[in-house]
Amino acid sequence: MELPTRSNVKTNETNTWCPGCGNFGVLRALQSALVDLKIPREQVVLVTGIGCHGKIFNYLNVNGFHGIHGRVLPVMTGIKLANQDLTVIGHAGDGDQYDEGIGHFPHAARRNVDVKLFTHDNKVYGLTTGQTAPTSIKGYVSKTTPLGAFPPRLEPLKIALASNASFVARGWVGDVDHLKELMKAAIQHRGFALIDMLQVCFTFNRVQNYQFYRDRVYKLEAEGHDTSDYYAAIQRADEWGEKIPIGIFYKEDRPIYRSSLPQIEKTPLVKQSLKVEKFSELLQELM
Amino acid sequence: MELPTRSNVKTNETNTWCPGCGNFGVLRALQSALVDLKIPREQVVLVTGIGCHGKIFNYLNVNGFHGIHGRVLPVMTGIKLANQDLTVIGHAGDGDQYDEGIGHFPHAARRNVDVKLFTHDNKVYGLTTGQTAPTSIKGYVSKTTPLGAFPPRLEPLKIALASNASFVARGWVGDVDHLKELMKAAIQHRGFALIDMLQVCFTFNRVQNYQFYRDRVYKLEAEGHDTSDYYAAIQRADEWGEKIPIGIFYKEDRPIYRSSLPQIEKTPLVKQSLKVEKFSELLQELM
Amino acid sequence: MGLTSDVSVLIGGEAGAGISAAGVSLSKVFMRGGLHVFGTVDYPSLIRGGHNFYMIRASKDPVYTQWDSHDLIVALDENTVHRHIKALKPEGGIIYDGEEIPTDNLDIPKEMKNLFAVPLKSIVKEVQGRPVVRNTVALGAAIGVLGYNIEIFEQILRELFTRKGEKVVAMNVNAARAGYNYATEHYANSLLFQVELVKATHKDRIFLTGNEAVALGAVAAGCKFYSAYPMTPASGVLHFLVALSEQTNMVTFQAESEIAAINMAIGASYAGVRVMTGTSGGGFCLMTEALSLAGMVETPLVIMLGQRTGPSTGLPTYTAQSDLRFAVHAAHGEFPRVVIAPGDVTECFQFTIDAFNLADEFQIPVILLTDKHLLESYTAIPPFTISDITINRGKLLPLAPYSGKQPYQRHKLTPDGISPRLIPGTPNALIHSDSAVHKESGFQGDDCAIASKMADKRYKKLPNLLKRLEKVPRIKLHGPKKADVTIVGWGSTKGVALEVMRLLEKDNVKANFLQVIYLTPFPTEEVKVALKDQNPILVEGNQTAQLGGLIREHTGIEITKKVLRFDGRPFNPLQLTRRIKEEL
Amino acid sequence: MGLTSDVSVLIGGEAGAGISAAGVSLSKVFMRGGLHVFGTVDYPSLIRGGHNFYMIRASKDPVYTQWDSHDLIVALDENTVHRHIKALKPEGGIIYDGEEIPTDNLDIPKEMKNLFAVPLKSIVKEVQGRPVVRNTVALGAAIGVLGYNIEIFEQILRELFTRKGEKVVAMNVNAARAGYNYATEHYANSLLFQVELVKATHKDRIFLTGNEAVALGAVAAGCKFYSAYPMTPASGVLHFLVALSEQTNMVTFQAESEIAAINMAIGASYAGVRVMTGTSGGGFCLMTEALSLAGMVETPLVIMLGQRTGPSTGLPTYTAQSDLRFAVHAAHGEFPRVVIAPGDVTECFQFTIDAFNLADEFQIPVILLTDKHLLESYTAIPPFTISDITINRGKLLPLAPYSGKQPYQRHKLTPDGISPRLIPGTPNALIHSDSAVHKESGFQGDDCAIASKMADKRYKKLPNLLKRLEKVPRIKLHGPKKADVTIVGWGSTKGVALEVMRLLEKDNVKANFLQVIYLTPFPTEEVKVALKDQNPILVEGNQTAQLGGLIREHTGIEITKKVLRFDGRPFNPLQLTRRIKEEL
Ligand SMILES: Cc1ncc(C[n+]2csc(CCOP(=O)(O)OP(=O)(O)O)c2C)c(N)n1
Ligand SMILES: Cc1ncc(C[n+]2csc(CCOP(=O)(O)OP(=O)(O)O)c2C)c(N)n1
Ligand code: SF4
Ligand code: SF4
Ligand SMILES: [Mg+2]
Ligand SMILES: [Mg+2]
């Protein structure tokens, strides 16, 4: 059992994020959260999508699965159901999770499988050179929307709430300590948890930059927001303008998906014997 | 220009829905809506998914595209962008649209492409013999959930609202006239419109049957619901118990996706010449 | 009145009328009576109405598929008579409800004498049964006219309904008995034959589908996680595994899509359990991207691909063998895989177990290529046992603390291309799996040298895989080594091919049957040897002779004679025999 | 100092430093100076940092690919020198910032004399430019040491920056001129050669990538709808078409996924416009289900599949030819399709137009099989013209009232298998397209007869398709009819094969090159004839010699000699020549 420390959670891989990228803040927050939580490194699995965000796989030294674009949630679900002893954390991109992978999102939320989804919401397709993302702000100009992004953007928090997610939060990379605390709360929450992270893409997103958020971000907890008030959460999620809330929007204790599975109530699948007891009994019906 | 009549909107195909199936009500409502709206048959395209619902393709005599499971929305989007003169109506299933096809749903809603989505929400996979659907009510027993469906169901209206759909409604097949009026309103709405239809699967769903809904359904318009009040709509969408609201939950006038496309402002793509004017000018940059 | 031990019975009626259940019950009667039995159901994609029919073939000799023509038709509606009268043998008979269906309506050729009108509905009323009990009456009558043993049927009914209480049992038994009595009283000796009761054994065989056999194979192999999205004809695996899941400690998961299903399976496999997913063509399409992922991260995975008639939605409830090439080449990039095509329920069970072992031993994806005809047809066989089953998880190490001197490397280069495998949760080890080109450590690496080294590593498995496959039947040559004609086929055509061999022999044509079981890696040498100096004819359930192309690609042998069927229906023995003879 | 007209220049630096743009600019200088030019960029999947390099090959003779070794390296960072010094010709030189990179650091072999230290940064400061102007200075210097024409470069800069105002133009021109002056002042006559100015033509050629050529082909063919999800290396088509969309009246749509993209395209095609979608392997996987749909509903569709290194995420920015078999067999069920592999930018343009015509004429999906090396490399060619282009929409009828006596039937059985096509909106006609087995009317039908009739209908197109394809080049045999060695390849290896032919000839090995263009339907007879009495060697960018398998499957010819590369990088001419000679 090796507890995470500030140094052993790092890898020796060359970091290829752009200088100034908000992903550095995410990485720092996550490292600190793991150190604080004292979960042995081998008990943590990091699942990532494809995009700049996914490279965090190379920089965080816990177990890792760098899957395919958009599929963080199903991979996490499989891992968690196979071995509930593991802490399963997913890092996805906004293109990754809210475009390609949006189909898994409401289902993971409603099922309340005990996995954590931290989305790098930089409002841009970073790795593929700056195309418009589903969360791009109206008017965002890119190679794919030279006249500016037209439609209202996709609002992850609202969809999470509509899908009855049991933990819904927003963080921002400019406040690493706050983000760290959110991550800790999400990991400690029993059930599905979303943190949509306002992550600055330093290279492509010239509007939602550090200053933009610094000027607007405020903390829900400072305003006495009641995290058990579902409708208040929805209204807060609708705020996006002069003021942008961060923090926990909504939190609810309710049964997790696993509680419907007597098979793994006591022992994780991965620790069960492969031998089937009373195989011949299974054949009775066929006789 | 052939206007729809009660007889010419029918086909001669053998109907293979179960006796008592709620789909008959859907078909009748749609036929009447088209007759009332007097849209020439050749100007209407019906796009359907795969499932019992999809068979409506065979019974309604307008243009039709019986696509693959879950893909009603993108097919409709392509048709509408190619020829905005057409009225494009989609019939999807709850498995079809909210499981396999859920990934298209928030995007179609937010983009506000001017297509109509009528979902046969029978809370069951009909055509594949009764498996649990994403909208199945907690405890629904089927071949895939013998202990009863566990998680909170997916709530289409809430997700549509969270995705900023500009027209969100619920109908029920036991009140064909009301459903017809909803369909007319949806078709006349300029933009994306969802009607989630409480459609009774007579064969597999033994709980949400006609009586179940008859006992619970009430009309929003009768209660003075304000369809422009977004938060009221969300709260109404949350009602599911002794009382179940039907009618228009939310309606908003806002630009449709097409308005961002000067290319087709005046002439649908399908009526434009294939010849490119000034082809050589396109090569300037490459010289 | 002679004794026969080869009978074909067709039971027909509307969808939703319990045709399949009736077929299975009658089949079990024959099975318990000591006969070999094959049963298959034909149904369109609808829930009520339309027309379903179940064909039972029972015989003292092994039977492998349905027959072209029938000795008895049990017509639960009028439509059944119209549809199938042409397939009734001249000496055969029809059971129908004489009070419901006016005999004049039936428009039956004069020479057909055996019209067994039975007042099914009236009898149901008498015994106070629900409408579906009509089937029971009709089966009782069928047993009557066939001169078979009604007690076996009564026993089956007892077992079937015991959960519902003695009253229901009694009612059903009465219904069966009434039908039986009516038939024996009115139509005894009408048929020119009586079905032979070989021995009244009871529970010594099982009657099951390919789906159930695959599911049981997965259970026997220690599969712990099955995620799938429903799709005919593969749904049967899901349903059966769900039903068994509490007894087998398996997590069965109805996912939101096939994409979710396979990615969940890959996640669970990465976490260390044996996993499977199953689907049909359209769903398999959606799985291909993750198939490539499994190939890249070397995560064991078993996929059951149940073919049905395509392209696209096609005929969702009908059979085909048209996805062979797709299974072999699906997904982008190159990585070793195994594609196995079982030909009957026994092979479904055995090869599924092989599939799990191969997936683990070589850390590769394995595709079980099946089809509707195989997955949804029933065969009576001796019960499976698991005492002699080997579970080999290959280089997977137990969940004990890692004690290597070097940090653990998931993709270590080894002489055989297979790296020792640890799973997350192992103390002192971290497991890194990357869909991008990666180094031995599992972390991303993008220089040429790594890319080609890792590509080589993956293909290094091939020679050992080929060696390992010497232990399993990659092909089977059924019948004489040398013959006048060699039927060449794969998958579910095995059944009809074995029947056709017998039929050709009766016509003094010596035939054998080359069954190609492993489609990938292709058994080049075996096929070459088997086809040497033969007169081969391809029999495939597709339009482009896909196996033929594969054989030519790998062996250079071009088979020009072929019989192809691609209308959704399986081959029938007599018809296929005729077509083969035409080709000769 | 001699005059040369065959030069290779490498420009290297960090990602984000504008390496590719610099490469294109210098290439255009050579192009406008009258040389043939090929340019290609090598970059890993990251946005800033790392290492990118652009290779330019310019010559009086046609050039088809990059060269193994370089005459000049423009090192915009120190890393470039370390990485590429081995590929510098002994007589070649390096331009670098002498003030930034201490010459001692460079660790350069003694015999390398041409170290052209240029104070790039200082010059940038002098001209008051932004950091990226360093590239311009370096290019000016490069033109200086190569003895080339700086005015052409100045003209290019003027065109490039004119939108940004005269000040920016002047600054850039000054920067270029300063670099040039510095170089000519300090290093005149240092190189052993000077690049020949063939003729100072201006705008008579275009320099473009395969992506741009495909996009222009689509425009020329009248494509009106392009929907895609970004994916390297296919994104270039999307970006270019988006940029042109206002001028071309095309709707370009960034969809939420590849599944959405292809289904949108199919919807738009059903509605009557010409459509295309484009992606790479992983995205193509996701499209396969709808590919089968297009095959079933006989909706014309063009898909550009741009291969990159797999499996899975692989090397997202590197090349491969490993999806050939997948393109040929992708998707469930059987339906006719066309797979075309263009080999250069000219073919990208022409074959894209052919693809649209074939899709319309035969109402089938057509796949353009390309790869990163083809799609993202640049070639200078004469500008495309569209005056001689034929657009053939096949049996599509205009949007005029339907006047047939019988109700319109979308899938009418016809002798050639192709049904007259109407689109929704046509008065007096209704168009029914069904992914399930359907009748002529388009409504669902599920009996055997319909299923096989419709399957036959679809394949009836094949003979006419084959006839039609006699009008297009299904293969090309480059070089002499008969040779000592026949290189056999497809797609982007065309370039290197043509180079290798020349190299082998210099070594007195007579070589020719069989380029297989149509992978499906396979040009069996043409390939047989072309390979008759030849000594073939396969050259493919994959691990399993996929074209080899296809050739054997269709022609029976087994090609045993092969050179395969699968590390993400394209073949280089000298290296490939060596490897071919080893195999001979
Ligand atoms: C199936 C598939 N489609 C497309 C891609 C190409 N692709 C890689 S990353 C990416 C988007 C990146 O955007 P995002 O997910 O927001 O991540 P970021 O780089 O911004 O962190 C895309 C489209 C892919 N890898 N797989
Ligand atoms: C890709 C794919 N996966 C699975 C299926 C099988 N399938 C057909 S219909 C259906 C679900 C039907 O449920 P729903 O969409 O609710 O329609 P209903 O029959 O209830 O109207 C499924 C899973 C399919 N056709 N395609
Ligand atoms: S492109 Fe944007 S998101 Fe990606 S590494 Fe650079 S700054 Fe970060
Ligand atoms: S199964 Fe249910 S939904 Fe399908 S036709 Fe029957 S009643 Fe209707
Ligand atoms: Mg992003
Ligand atoms: Mg349903």
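In what follows, chains are A, B, ... by sequence order, proteins preceding strands, each numbered from 1. Values reported hereafter were calculated over all heavy atoms of this structure, with side chains retained and with hydrogens, waters and symmetry mates removed.
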- prompt: What's the spacing between B:Met287 CE and D:Lys28 NZ if we round to 0.5 Å?
  reply: 10.0 Å

Region of D:Ile431 that comes under 4.5 Å of a non-hydrogen atom in chain B: both

task: With sequence neighbours left out, write down each residue that passes side-chain contact (heavy atoms from CB on, under 4.5 Å) with B:Pro262, or none if nothing qualifies.
output: A:Leu147, D:Glu246

query: So how far is it from B:Leu73 CG to D:Met264 CE, rounded to the nearest 0.5 Å?
result: 8.5 Å

field: D:Ala221, part contacting chain B, at a heavy-atom distance under 4.5 Å
entry: backbone

query: Measuring heavy-atom distances to chain B, does D:Ala290 have an atom under 4.5 Å in its side chain, in its backbone, in both, or in neither?
result: both

- prompt: Can you find a pair of side-chain heavy atoms, one from B:Leu286 and one from D:Phe240, that are under 4.5 Å apart?
  reply: yes

Part of D:Ser245 within contact of chain B (heavy atom distance under 4.5 Å): both

- prompt: Does some side-chain heavy atom of B:Asn61 sit less than 4.5 Å from a side-chain heavy atom of D:Phe443?
  reply: yes

message: Does B:Phe202 have more than 12 heavy atoms from other residues, nucleotides or ligands lying within 6.0 Å of its CZ?
response: no

field: Under 3.5 Å donor-acceptor, B:Glu42 side chain and D:Thr426 backbone
entry: no

message: Quick check: do D:Ile266 and B:Arg71 have side-chain heavy atoms less than 4.5 Å from each other?
response: no

Side chain, backbone, both or neither of B:Ile264 within contact of chain D (heavy atoms, under 4.5 Å): side chain

message: Nearest 0.5 Å, please: how far is NE2 in B:His66 from CG in D:Leu293?
response: 10.5 Å

field: Heavy-atom pair with the smallest gap, counting every atom of B:Asn83 and D:Pro424
entry: ND2-O, 3.9 Å

message: If we define contacts as heavy-atom pairs under 4.5 Å, which of B:Val45, B:Val62, B:Thr11 has the most with chain D?
response: B:Val62

message: Heavy-atom cut-off 4.5 Å, strictly under: side chain, backbone, both or neither for D:Met296 against chain B?
response: neither

message: Just so I know, are the side chains of D:Lys224 and B:Leu81 near enough to count as touching, which here means a heavy-atom distance under 4.5 Å?
response: no

- request: With rounding to the nearest 0.5 Å, note down the distance linking CE in B:Met76 to CG in D:Asn263.
  value: 12.0 Å

task: Considering non-hydrogen atoms only, spot the tightest contact between D:Glu256 and B:Gly103 and give its length.
output: CG-O, 3.9 Å

query: Given that the side chain runs from C-beta out, which part of B:Asp85 has a heavy atom under 4.5 Å from chain D: side chain, backbone, both or neither?
result: neither

- line: Cut-off 4.5 Å, heavy atoms of chain B, and the answer for D:Arg393 is side chain

Heavy-atom pair count under 4.5 Å with chain D, highest-scoring of B:Glu285, B:Lys278, B:Lys271, B:His107: B:His107

message: If I compare all heavy atoms of D:Leu244 with all of B:Leu282, which pair ends up nearest, and what's the gap?
response: CD2-CD2, 4.0 Å

- request: Let me know if D:Ala260 has heavy atoms under 4.5 Å from chain B in its side chain, its backbone, both or neither.
  value: both

- prompt: Which one of D:Arg410, D:Met250, D:His438 has the most heavy-atom pairs closer than 4.5 Å to chain B?
  reply: D:Met250

query: Top residue by heavy-atom pair count (under 4.5 Å) with chain D, among B:Pro74, B:Ser280, B:Ser273?
result: B:Pro74

- prompt: Which region of D:Ile423, side chain (C-beta onward) or backbone (N, CA, C, O), has a non-hydrogen atom less than 4.5 Å from a non-hydrogen atom of chain B, or is it both or neither?
  reply: side chain

statement: When every non-hydrogen atom of D:Ser435 is compared with those of B:Ile68, the smallest separation belongs to CB-CG2, 4.3 Å

- line: Heavy atoms of B:Arg111 and D:Gln254 approach each other most closely as NH2-O, 4.1 Å

- prompt: B:Leu46 versus chain D, heavy atoms under 4.5 Å apart: side chain, backbone, both or neither?
  reply: neither

Structural part of B:Leu269 lying under 4.5 Å from a heavy atom of chain D: both

message: Looking at every heavy atom in both B:Arg41 and D:Leu430, which two are closest together, and how far apart are they?
response: NH1-CD1, 3.5 Å

message: What's the separation between atom CD in D:Gln444 and atom CG in B:Asn58, rounded to the nearest 0.5 Å?
response: 5.0 Å

- prompt: Roughly how far apart are D:Ser433 OG and B:Phe57 CZ, rounded to 0.5 Å?
  reply: 6.5 Å

message: Report which part of D:Tyr270 has an atom under 4.5 Å of a heavy atom belonging to chain B: side chain, backbone, both, or neither.
response: side chain

field: D:Ile386 vs B:Lys275 side-chain heavy atoms within contact, under 4.5 Å
entry: no

message: Is D:Val24 in contact with chain B via its backbone, its side chain, both, or neither, using a 4.5 Å heavy-atom distance?
response: neither

